[in-house]
Amino acid sequence: MEWSMTERILVAYASRYGSTEEIARVIADEIRALGYEVDCMNVMEVEDVRPYAAVVAGSPIYMGKWLPEAVDLAKQFRIALNERPLAVFAVGYSMKEEDDLIRKSARASMNELRMYVHAQVEGFFAGKFDPDGMSTSDLQIMKMAGAAPGDARDWTAVRNWARALPSVLFTLEPEE
Ligand SMILES: Cc1cc2nc3c(=O)[nH]c(=O)nc-3n(C[C@H](O)[C@H](O)[C@H](O)COP(=O)(O)O)c2cc1C
């Protein structure tokens, strides 16, 4: 099948405090800069994935798992998602450090998702911990985990991942 540059790509994200949304928007901008049409929206706003030639979906990791609404997207649209190229990414604060165990647990955050869909590409990005505006219970959990506030997002890593996506997903380099 030939993919035309006018076909649309969906970037869908879940996000509790906005840091994953910002990563999704940068991913969308990078793909757009390659000449593709891109829609970027919260997973809860997605009505159908069939208008899209490919889908990129991401969620932050909370207590070792994707947010439920992001898993729901995969569950609800599993047939259509398995019929088109799919890339997924997880955002977690633990990933500010490089470590086999952290990697393993980040990969495990997608276990439930993998029950429904098969993604061709998986990405893992460090997130952000900003106590401002955070719920008391979430703040308590982060404090108990001994996390220090900070923004560990690596925009170069995000951009590089996004830029490589169309050629990987479509196995076709976009035309200049
Ligand atoms: C209650 C709570 C639990 C979290 N659990 C994890 C976790 O299991 N693994 C991880 O890497 N990060 C964890 N984080 C960090 C978030 O994934 C990180 O802050 C992310 O950037 C938040 O994304 P958001 O701003 O889009 O909601 C947790 C944060 C909170 C507040």
Side-chain angles (χ1 to χ4, degrees), residues 9-33 38-47 49 52 54-77 81 86-117 119 121-165:
I9 295 176
L10 172 66
V11 178
Y13 59 85
S15 187
R16 191 177 287 174
Y17 295 110
S19 64
T20 306
E21 175 176 355
E22 283 169 0
I23 289 177
R25 296 209 175 276
V26 167
I27 291 169
D29 285 347
E30 283 300 322
I31 301 173
R32 213 172 274 128
V38 182
D39 289 342
C40 182
M41 67 184 82
N42 191 289
V43 287
M44 291 183 286
E45 292 168 41
V46 178
E47 286 175 0
V49 299
Y52 298 99
V55 177
V56 182
S59 172
I61 305 172
Y62 280 88
M63 308 302 282
K65 293 175 168 190
W66 268 35
L67 284 175
E69 64 266 30
V71 178
D72 281 351
L73 177 91
K75 195 173 175 180
Q76 188 183 351
F77 297 112
L81 286 172
L86 173 67
V88 294
F89 65 93
V91 176
Y93 198 53
S94 62
M95 279 179 281
K96 67 190 168 79
E97 277 146 42
E98 273 286 328
D99 171 307
D100 279 354
L101 214 63
I102 289 168
R103 250 311 151 108
K104 210 174 154 190
S105 116
R107 269 199 296 269
S109 74
M110 296 184 186
N111 281 350
E112 199 186 346
L113 181 85
R114 292 191 194 97
M115 287 166 51
Y116 304 110
V117 292
V121 183
E122 292 184 353
F124 300 91
F125 304 117
K128 180 182 170 184
F129 168 30
D130 179 1
D132 268 6
M134 193 170 265
S135 74
T136 318
S137 56
D138 279 356
L139 197 53
Q140 261 172 358
I141 289 167
M142 289 304 264
K143 277 187 178 160
M144 264 159 38
D151 188 349
R153 290 172 298 174
D154 178 345
W155 296 111
T156 306
V158 171
R159 287 200 179 92
N160 288 343
W161 186 78
R163 223 170 284 147
L165 275 183

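We count ligands from 1, going down the list as the structure has it; atoms in each ligand are counted the same way. None of these values were measured; they are calculated from a predicted model.
The protein non-hydrogen atom at the shortest distance from atom 1 (C) of ligand 1 is Asp138 OD1, 3.4 Å. Of the protein's heavy atoms, Tyr62 CE2, 3.4 Å lies nearest to atom 30 (C) of ligand 1. At the top of the distance list for atom 5 (N) of ligand 1, counting protein heavy atoms only, stands Met63 N, 3.0 Å. Scanning the protein for heavy atoms near atom 11 (O) of ligand 1, the closest one is Ser94 OG, 2.6 Å. Ranking protein heavy atoms by distance to atom 14 (N) of ligand 1, first place goes to Ile61 O, 3.3 Å. Nearest protein heavy-atom contact of atom 19 (O) of ligand 1 is Lys128 O, 2.5 Å. Nearest protein heavy-atom neighbour of atom 29 (C) of ligand 1: Met142 SD, 3.4 Å. If you check which protein heavy atom lies closest to atom 20 (C) of ligand 1, you get Ser19 OG, 3.7 Å.
For ligand 1, the atoms lying closer than 4.0 Å to a non-hydrogen atom of Ile141 are 1 (C). Interface atoms of ligand 1 facing Gly127, defined by a heavy-atom separation under 4.0 Å, are 21 (O). Close approach of ligand 1 to Gly64 is summarised as follows: ligand atoms under 4.0 Å from at least one heavy atom of the residue are 7 (C), 8 (O). Remark: ligand 1 atoms within the under-4.0 Å shell around heavy atoms of Tyr17 are 24 (P), 25 (O), 27 (O). Each of the following atoms of ligand 1 lies closer than 4.0 Å to a heavy atom of Val91: 17 (O), 21 (O). Less than 4.0 angstrom separates some heavy atom of Arg16 from each of these atoms of ligand 1: 24 (P), 26 (O), 27 (O).
To the nearest 0.5 Å, atoms CZ (Arg25) and CD (Glu30) are separated by 15.0 Å.
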> Yes or no on salt bridge (Lys or Arg N to Asp or Glu O under 4.0 Å) for Arg16 and Glu69, after CA distance, side-chain angles and deciding distance?
Replying inline: CA-CA 11 Å; Arg16 191 177 287 174; Glu69 64 266 30; over 6 Å; no
> Could you go step by step and tell me if Val38 and Val11 meet the side-chain contact (heavy atoms from CB on, under 4.5 Å) rule?
Replying inline: CA-CA 7 Å; Val38 182; Val11 178; 3.7 Å; yes
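Distances between N or O atoms of Pro60 and those of ligand 1 include no value under 3.5 Å.
Annotation for Ile23 and Ala126: closest pair CD1-O, 4.1 Å, computed over non-hydrogen atoms.
Side-chain atoms of Arg159 do not come within 3.5 Å of backbone N or O of Ile27 as any donor-acceptor pair.
A salt bridge is absent between Glu112 and Lys75: the closest approach of a Lys/Arg side-chain nitrogen to an acidic carboxylate oxygen does not fall below 4.0 angstrom.
Inspection of the Tyr17 and Asp138 side chains reveals an N or O donor paired with an N or O acceptor under 3.5 Å.
When Phe129, Tyr93, Phe124 are checked for heavy-atom proximity to atom 15 (C) of ligand 1, Tyr93 turns out nearest.
In this structure, the side chains of Tyr116 and Val71 come closer than 4.5 Å at one or more pairs of heavy atoms. Two residues are said to be in side-chain contact when any heavy atoms from C-beta on lie closer than 4.5 Å; Thr20 and Phe89 meet this criterion. With a 4.5 Å cut-off on side-chain heavy atoms, Arg107 and Arg114 count as touching.
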